[in-house]
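Comments concern the structure below.
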2 protein chains.
Amino acid sequence: MSDHEQQPLPPTSRLSGDALPPVEQHARQYETVRNAHETELIEDYVELIGDLLRHRGEARAADIASRMAVSQATVSKMIRRLNELGLVTSRPYRSLFLTEAGQNMAETSRARHDVVLHFLRALGVRDTTARIDAEGMEHHVSDETLAIMQRFTETHQT
Amino acid sequence: MSDHEQQPLPPTSRLSGDALPPVEQHARQYETVRNAHETELIEDYVELIGDLLRHRGEARAADIASRMAVSQATVSKMIRRLNELGLVTSRPYRSLFLTEAGQNMAETSRARHDVVLHFLRALGVRDTTARIDAEGMEHHVSDETLAIMQRFTETHQT
DNA sequence: CAAATAGTTTAGCCTCGGCTAACAAATATT
DNA sequence: AATATTTGTTAGCCGAGGCTAAACTATTTG
Ligand SMILES: [Mn+2]
Ligand SMILES: [Mn+2]
Ligand SMILES: [Mn+2]
Ligand SMILES: [Mn+2]
């Protein structure tokens with residue numbers, strides 16, 4: 001047995017902040033974060049490629065490198081990975097393109113990102129800050145929270 | 001020159017969602033996320049050790065392993081790192097303790113975590129979901145946004 | 001067209017954060 | 001006290017995601 005801890009008592013004394021959640025629930029919190037971190041970078045790449053295609057018509061490795069502030073070698077390696085995952089197609093010295101699966105991921109990620117960004121702005125966060133925070137937060141927002149953020153934004157038009 | 005991209009035009013046509021931010025600003029978004037990810041796990045460990053000390057009186061490696069759903073070997077290795085960073089003190093088969101620096105980090109992280117958690121609950125997110133989302137979001141919320149979340153929570157008491 | 005510049009890929013290195021397996025030490029049980 | 005169980009450490013493995021340096025390919029420029 002590894003859980004020699006006794007379970008927390010029912011919510012009685014609320015003296016010093018919240019009590020610890022039950023072990024299994026607590027464990028799921030951290031697991032969810034670890035899972036999000038596995039797909040986070042992939043999503044950011046795919047989303048960025050989609051945005052570059054949408055706004056620039058093409059997505060070159062060098063653009064990704066400068067926009068992410070990462071070396072071209074790093075981008076090159078990641079593109080190989082995206083290729084193996086069936087998310088992008090690439091011919092050397094040509095623009096990258098998204099596969100069907102890549103387009104789906106880009107669309108989903110972009111939508112989620114936008115909801116978070118617009119929500120933060122609706123809350124009153126300055127644009128630059130909202131963009132920075134949204135870039136990280138987007139990967140840790142559940143569908144439930146996302147829906148609430150969207151409703152909030154709609155009902156708090158500026 | 002690696003930025004052969006031309007800078008986006010001033011915000012004129014707002015047809016298909018937001019425009020791409022300027023390269024340097026965009027780069028800072030991703031850099032901020034990478035920086036957050038460097039300290040994230042450390043903060044979670046220190047925060048958890050602080051919570052275990054607060055609520056249980058002691059923090060054992062085995063508790064951390066089960067609460068994080070991670071092997072004991074992983075915890076053991078991480079404790080060595082926390083030790084080298086001067087955040088915890090440990091004697092084998094005894095509870096871990098936080099150094100002064102560790103206590104400061106735990107306090108700061110806990111406060112931030114609580115603001116995010118209470119904010120999500122005030123928004124209407126169910127407790128279990130709020131806990132999961134807060135565990136990831138907490139590391140990506142700027143001081144500016146944090147302050148706004150706190151104000152929001154205070155003025156939206158249920 | 002030759003040379004310079006820009007873009008891409010590859011190779012090799014590093015740290016981090018997981019894991020399992022084996023062992024050691026402390027504690028609990030009989 | 002002997003044994004069983006729990007707890008902790010160590011070694012060695014792995015993949016992800018960074019980096020630099022070097023080579024190669026395309027494109028642009030003189
Ligand atoms: Mn995004
Ligand atoms: Mn992101
Ligand atoms: Mn994160
Ligand atoms: Mn956390």
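Not measured: the values here are computed from a predicted model.
Under the side-chain hydrogen bond (donor to acceptor under 3.5 Å, both in side chains) criterion, Ser71(B) pairs with Thr74(B), sequence neighbours left out. Residues that satisfy the ring pair (Phe, Tyr, Trp, His ring centres under 6.0 Å) test with Phe152(B), not counting sequence neighbours, are Phe152(A), Phe119(B), His156(B).
The CG-C1' distance, from Asp44(B) to dC16(C), rounds to 15 Å in whole Å. Rounded to whole Å, the distance from CG on Leu52(B) to P on dT7(D) is 14 Å. Protein atom CZ of Arg94(A) is 11 Å distant from nucleotide atom C1' of dT25(D), rounded to whole Å. One atom, CG of Asn83(B), and another, P of dG8(D), lie 14 Å apart when rounded to the nearest Å. Taking atom CD1 on Ile64(B) and atom C1' on dT9(D), their separation rounds to 15 Å, with Å as the unit. Rounding to whole angstrom units, CD1 of residue Ile79(B) and P of dT7(D) are separated by 13 Å. Residue Glu58(B) contributes atom CD, which lies 11 Å from atom P of dT27(C) at whole-angstrom precision. The nearest whole Å value for the distance from the CZ atom in Arg91(B) to the C1' atom in dA26(C) is 14 Å.
For the pair Arg80(A) and dT10(C), the criterion of a side-chain N or O lying under 4.0 Å from OP1 or OP2 is met. Between Arg60(A) and dG7(C) there is no side-chain polar atom (N or O) within less than 4.0 angstrom of OP1 or OP2.
Evaluation of the salt bridge (charged side-chain N to carboxylate O under 4.0 Å, His left out) test over residues 128-142 of chain A, restricted to residues two or more places apart or in two chains, returns Asp127(A)-Arg131(A), Arg131(A)-Asp18(B). Residue pairs satisfying the salt bridge (charged side-chain N to carboxylate O under 4.0 Å, His left out) criterion with at least one member in residues 32-41 of chain A, sequence neighbours excluded, are absent.
Other cluster members for Leu117(A): none, since no ILVMFWY side-chain heavy atom sits under 4.5 Å from it.
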Enumerate the protein-to-nucleotides 18-24 of chain C contacts in which both atoms are nitrogen or oxygen and the separation is below 3.5 Å.
from    : atom 1 : to       : atom 2 : distance (Å)
dG18(C) : O6     : Lys77(B) : NZ     : 2.6
dC19(C) : OP2    : Ser71(B) : N      : 3.0
dC19(C) : OP2    : Ser71(B) : OG     : 3.2
dC19(C) : OP2    : Thr74(B) : OG1    : 2.9

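Using a 4.0 Å cut-off between a side-chain N of Lys or Arg and a carboxylate O of Asp or Glu, Glu107(B) and Arg110(B) qualify as a salt bridge.
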